[in-house]
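Heads up, the thing below is written out as C-alpha coordinates.
Because the structure is a prediction, the values reported are computed rather than measured.
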Amino acid sequence: AELASKGIDVQAQTPLYVTTKMAKIRKSSMTVPSPQSYAECAARHIGYEAVISPWWAHSLQLWLLALLPEAVSVKFLDWQHQAIRKKGMKKDQEKAEEKKGQ
(Lines give C-alpha, C1' and ligand atoms only; values in the text may rest on other atoms or scores of the structure.)
Protein backbone atom coordinates (compact mmCIF):
# COMPACT_ATOMS: atom_id res chain seq x y z
CA ALA A 1 0.00 0.00 0.00
CA GLU A 2 2.81 2.42 0.82
CA LEU A 3 4.30 2.00 -2.69
CA ALA A 4 1.02 2.18 -4.62
CA SER A 5 1.34 5.95 -5.09
CA LYS A 6 4.59 5.27 -6.96
CA GLY A 7 2.92 2.71 -9.25
CA ILE A 8 4.58 -0.24 -7.51
CA ASP A 9 2.53 -3.29 -6.56
CA VAL A 10 3.96 -5.63 -3.93
CA GLN A 11 3.08 -9.28 -3.62
CA ALA A 12 4.20 -11.73 -0.93
CA GLN A 13 4.25 -15.36 -2.05
CA THR A 14 4.36 -17.95 0.72
CA PRO A 15 5.70 -21.29 -0.47
CA LEU A 16 5.95 -24.34 1.73
CA TYR A 17 8.40 -27.10 0.79
CA VAL A 18 9.93 -27.25 -2.68
CA THR A 19 12.47 -29.87 -3.76
CA THR A 20 15.85 -28.20 -3.29
CA LYS A 21 19.27 -29.04 -1.95
CA MET A 22 18.66 -26.62 0.91
CA ALA A 23 15.40 -28.35 1.88
CA LYS A 24 17.13 -31.71 1.33
CA ILE A 25 13.98 -32.98 -0.35
CA ARG A 26 14.93 -34.79 -3.52
CA LYS A 27 11.62 -36.10 -4.91
CA SER A 28 8.78 -33.87 -5.95
CA SER A 29 5.21 -34.87 -5.13
CA MET A 30 1.71 -33.46 -5.08
CA THR A 31 2.54 -31.35 -2.01
CA VAL A 32 6.23 -30.72 -2.76
CA PRO A 33 6.76 -29.31 -6.26
CA SER A 34 10.00 -29.13 -8.19
CA PRO A 35 11.61 -25.68 -8.39
CA GLN A 36 10.63 -25.43 -12.07
CA SER A 37 6.98 -26.34 -11.42
CA TYR A 38 6.76 -23.94 -8.47
CA ALA A 39 8.39 -21.09 -10.40
CA GLU A 40 5.99 -21.53 -13.33
CA CYS A 41 3.01 -21.56 -10.98
CA ALA A 42 4.31 -18.57 -9.02
CA ALA A 43 4.85 -16.54 -12.19
CA ARG A 44 1.26 -17.22 -13.31
CA HIS A 45 -0.01 -15.76 -10.01
CA ILE A 46 1.93 -12.50 -10.09
CA GLY A 47 -0.35 -9.51 -9.80
CA TYR A 48 -3.52 -11.16 -8.52
CA GLU A 49 -3.37 -10.96 -4.72
CA ALA A 50 -1.16 -9.11 -2.24
CA VAL A 51 -0.46 -12.30 -0.27
CA ILE A 52 -0.73 -15.70 -1.90
CA SER A 53 0.55 -19.24 -1.78
CA PRO A 54 0.37 -20.07 -5.48
CA TRP A 55 0.96 -23.85 -5.36
CA TRP A 56 -2.54 -25.29 -4.88
CA ALA A 57 -1.50 -27.89 -2.28
CA HIS A 58 0.40 -25.28 -0.25
CA SER A 59 -2.62 -23.00 -0.35
CA LEU A 60 -4.86 -25.83 0.84
CA GLN A 61 -2.46 -26.75 3.66
CA LEU A 62 -2.26 -23.15 4.86
CA TRP A 63 -6.05 -22.79 4.67
CA LEU A 64 -6.54 -25.93 6.78
CA LEU A 65 -3.90 -24.76 9.26
CA ALA A 66 -5.71 -21.41 9.59
CA LEU A 67 -8.89 -23.24 10.62
CA LEU A 68 -7.18 -24.60 13.73
CA PRO A 69 -6.90 -22.66 16.97
CA GLU A 70 -3.60 -20.79 16.99
CA ALA A 71 -2.22 -22.81 19.93
CA VAL A 72 -2.86 -26.06 18.06
CA SER A 73 -1.30 -24.85 14.81
CA VAL A 74 1.76 -23.51 16.67
CA LYS A 75 2.17 -26.84 18.48
CA PHE A 76 1.81 -28.76 15.21
CA LEU A 77 4.35 -26.59 13.38
CA ASP A 78 6.77 -26.82 16.31
CA TRP A 79 6.45 -30.63 16.32
CA GLN A 80 7.01 -30.74 12.55
CA HIS A 81 10.10 -28.54 12.65
CA GLN A 82 11.56 -30.34 15.67
CA ALA A 83 11.23 -33.64 13.75
CA ILE A 84 13.02 -32.12 10.75
CA ARG A 85 15.76 -30.77 13.03
CA LYS A 86 16.18 -34.13 14.77
CA LYS A 87 16.50 -35.92 11.43
CA GLY A 88 19.08 -33.39 10.23
CA MET A 89 21.10 -33.64 13.43
CA LYS A 90 21.08 -37.45 13.18
CA LYS A 91 22.32 -37.24 9.61
CA ASP A 92 25.08 -34.80 10.63
CA GLN A 93 26.13 -37.14 13.45
CA GLU A 94 26.26 -40.12 11.08
CA LYS A 95 28.41 -38.14 8.65
CA ALA A 96 30.77 -37.11 11.46
CA GLU A 97 31.08 -40.71 12.66
CA GLU A 98 31.67 -41.92 9.12
CA LYS A 99 34.38 -39.31 8.63
CA LYS A 100 35.92 -40.17 11.99
CA GLY A 101 36.06 -43.87 11.05
CA GLN A 102 38.02 -43.22 7.87
Q. Of the non-hydrogen atoms in Thr14 and Ser53, which two are nearest, and what is the gap between them?
A. O-OG, 2.6 Å
Going by atom type alone, with no hydrogens or angles, which donor-acceptor pairs under 3.5 Å involve a side-chain atom of residues 77-101 and a protein atom two or more places apart or on another chain?
{"unit_1": "His81", "atom_1": "ND1", "unit_2": "Leu77", "atom_2": "O", "d": "2.9"}
{"unit_1": "Gln93", "atom_1": "NE2", "unit_2": "Glu97", "atom_2": "OE2", "d": "3.2"}

Taking side-chain contact (heavy atoms from CB on, under 4.5 Å) as the test, write out the residues that go with [X], two or more places apart.
X     : result
Val74 : Glu70
Ala57 : Thr31, Trp55
Ser34 : Thr19, Ser28, Gln36, Ser37

Q. Do the side chains of Trp56 and Leu67 join up, straight or via other hydrophobic residues, at under 4.5 Å, putting them in one cluster?
A. yes
Q) Under 4.5 Å between side-chain heavy atoms, hopping through other hydrophobics if needed: is there a path connecting Trp63 to Val72? A)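 No, Trp63 and Val72 fall in different hydrophobic clusters.
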Close side-chain approach of [X] and [Y], heavy atoms under 4.5 Å:
X     : Y     : value
Ile46 : Gln13 : yes
Val51 : Gln11 : no
Tyr38 : Pro54 : yes

Q.
Under a 3.5 Å distance rule, please check whether His45 uses its side chain to pair with a backbone N or O of Cys41 as donor and acceptor.
A.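 Confirmed, His45 side chain pairs with Cys41 backbone.
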Q | For Glu49, all residues meeting side chain to side chain donor-acceptor pair (under 3.5 Å), sequence neighbours excluded | A |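 In terms of side chain to side chain donor-acceptor pair (under 3.5 Å), with neighbours along the sequence ignored, Glu49 is linked to no residue.
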Q: Could you list the residues that satisfy side chain to side chain donor-acceptor pair (under 3.5 Å) with Gln61, not counting sequence neighbours?
A: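 Here no residue qualifies.
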Q. With clusters built from Ile, Leu, Val, Met, Phe, Trp and Tyr whose side-chain heavy atoms come within less than 4.5 Å, directly or transitively, what are the remaining members of the cluster of Leu16, listed by chain and number?
A. Leu62
**Q.** Point-to-point distance, once rounded to the nearest 0.5 Å, from CG of Leu64 to CZ of Phe76
**A.** 10.5 Å
(Q) Go through it in stages, so that I can follow the logic: the residues are Lys27 and Val32, the test is side chain to side chain contact (heavy atoms under 4.5 Å, CB included), and I'd like the CA-CA distance, side-chain angles, deciding distance and then a yes or no. (A) CA-CA 8 Å; Lys27 290 179 124 183; Val32 182; over 6 Å; no
